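Inspection log for the structure reproduced underneath, given as structure tokens.
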Amino acid sequence: MIDWLVRKTTDWLISKNVVAADDKDIYEYAMYCTLISYIPILYIVVVSALFGWFGKFIFFWIPFVLIRKFSGGYHANSTEKCLLFSCTLLTICLIIVKNLYYSHFILLIGVIAAIGICVLSPVESVNKPLTKAEKKQYGMITIGIVCFMELLSCVFLHFKDYDVVMCMQLSIIMVFVFVGVESVLNIKKTTISSDSL
């Protein structure tokens, strides 16, 4: 579907002499990358607006994207799976956030998840390998972002904005799930490769 849309759009741009036919591959690739990056964002803006929770859900989305960028974790092995998984996960999280009430238990799980992210990150994926320098840099950035988000949660907690606190804690918990899943998969891969030697 996305490939078809990219090809049709690029062909239309060529027919209107907006881009040169020789540059078709470059424009298709650029358009494809742009669409893949913005589809989940557009999806969540529309769905959260329909739920009437866009303002609060931003407090889930921003920490999730910022931490996930540097923490690593599970990545799907195809674009289609990534989009489907992302949109499904975002819908589930939106439903949880919409129906979740403040709880000390969720706050505690969020803090434990934050510690887990700081200990395990960055976790590289087969689909996103990291150099030693990137691992060190991303680890420090992840710790900084997680600490900042937890501090920000404390500020919102102080002002009794429990919906924002729950959104931020759920975001941290979800990142921890991605980091944890990929950590387990990496351990299994290492064990399997060690056993085969």
Side-chain angles (χ1 to χ4, degrees), residues 1-98 117 121-135 137-142 144-146 148-149 164 167-168 170-172 174-175 177-179 181-182 185-186:
M1 172 72 175
I2 293 172
D3 292 331
W4 176 85
L5 179 64
V6 166
R7 277 193 311 276
K8 289 294 181 187
T9 305
T10 307
D11 290 342
W12 179 78
L13 289 170
I14 290 169
S15 73
K16 299 295 181 188
N17 294 320
V18 175
V19 298
D22 294 344
D23 296 332
K24 180 178 180 173
D25 290 341
I26 295 169
Y27 282 96
E28 282 183 351
Y29 179 73
M31 206 174 307
Y32 182 81
C33 291
T34 302
L35 280 173
I36 293 306
S37 297
Y38 288 105
I39 285 174
I41 295 169
L42 179 62
Y43 174 81
I44 202 58
V45 166
V46 170
V47 172
S48 63
L50 289 174
F51 274 90
W53 251 59
F54 178 74
K56 299 286 184 188
F57 201 70
I58 282 294
F59 289 98
F60 170 87
W61 183 250
I62 290 173
F64 182 83
V65 170
L66 287 176
I67 298 169
R68 182 98 164 92
K69 167 95 174 126
F70 297 102
S71 69
Y74 178 77
H75 285 276
N77 57 6
S78 76
T79 306
E80 291 78 19
K81 283 182 188 176
C82 178
L83 283 175
L84 180 64
F85 187 69
S86 295
C87 291
T88 302
L89 176 71
L90 289 169
T91 303
I92 291 168
C93 288
L94 184 61
I95 291 167
I96 291 170
V97 164
K98 181 77 173 152
I117 292 168
S121 295
V123 177
E124 65 181 329
S125 169
V126 173
N127 301 324
K128 293 232 179 195
L130 300 171
T131 66
K132 277 188 176 184
E134 286 175 327
K135 284 181 185 180
Q137 180 184 16
Y138 287 12
M140 296 304 291
I141 292 170
T142 299
I145 294 170
V146 168
F148 176 75
M149 291 303 166
V164 170
C167 287
M168 293 178 78
L170 181 61
S171 176
I172 289 168
M174 294 312 299
V175 172
V177 169
F178 280 95
V179 167
V181 166
E182 192 62 33
L185 291 175
N186 285 345

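The structure presented is a predicted model; accordingly, all values stated were derived computationally and were not measured.
For Tyr32, the side chain to side chain contact (heavy atoms under 4.5 Å, CB included) partners two or more places apart in sequence, or in a different chain, are Ile2, Asp3, Val6, Ile36, Thr79, Glu80.
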Kindly indicate, with the supporting measurements, whether the criterion side-chain contact (heavy atoms from CB on, under 4.5 Å) is fulfilled by Phe70 and Gln137.
-> CA-CA 9 Å; Phe70 297 102; Gln137 180 184 16; over 6 Å; no
Where do Tyr29 and Ile26 land on the side-chain contact (heavy atoms from CB on, under 4.5 Å) test, with the steps shown first?
-> CA-CA 5 Å; Tyr29 179 73; Ile26 295 169; 6.0 Å; no
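For Phe85 and Phe178, the ring centers sit closer than 6.0 Å to each other.
The line from CG of Leu66 to OG1 of Thr142 is 10.5 Å long, rounded to the nearest 0.5 Å. Rounding to the nearest 0.5 angstrom, the gap separating the CZ atom in Arg68 from the CD1 atom in Ile117 is 10.5 Å. Here OG of Ser121 is found 9.0 Å from CD1 of Ile67. Values are rounded to the nearest 0.5 Å. A distance of 10.5 Å separates NZ of Lys24 from CE of Met31, quoted to the nearest 0.5 Å. Rounded to the nearest 0.5 Å, atoms OG1 (Thr10) and CG (Leu5) are 9.0 Å apart.
Looking at Arg7, its side chain never comes within 3.5 Å of a backbone N or O of Asp11 through a donor-acceptor pair. Side-chain atoms of Glu134 come within 3.5 Å of backbone atoms of Thr131 as a donor-acceptor pair (strictly under, hydrogens ignored). In this structure, Ser48 contributes its side chain and Ile44 its backbone to a donor-acceptor pair below 3.5 Å. Between the Ser15 side chain and the Trp12 main chain, a donor and an acceptor come within less than 3.5 Å of each other.
Contact record, Pro40 with Trp61: CB-CH2, 4.3 Å, taken as the closest heavy-atom pair. Between Gly73 and Glu182, the shortest heavy-atom contact is C-CB, 3.4 Å. Glu124 and Lys135 get closest at one heavy-atom pair: OE2-NZ, 3.0 Å.
The side-chain heavy atoms of Ser71 and Val123, taken from C-beta on, include no pair separated by under 4.5 Å.
Using modelled atom types and a 3.5 Å distance limit, the side chains of Thr91 and Tyr43 yield a donor-acceptor pair.
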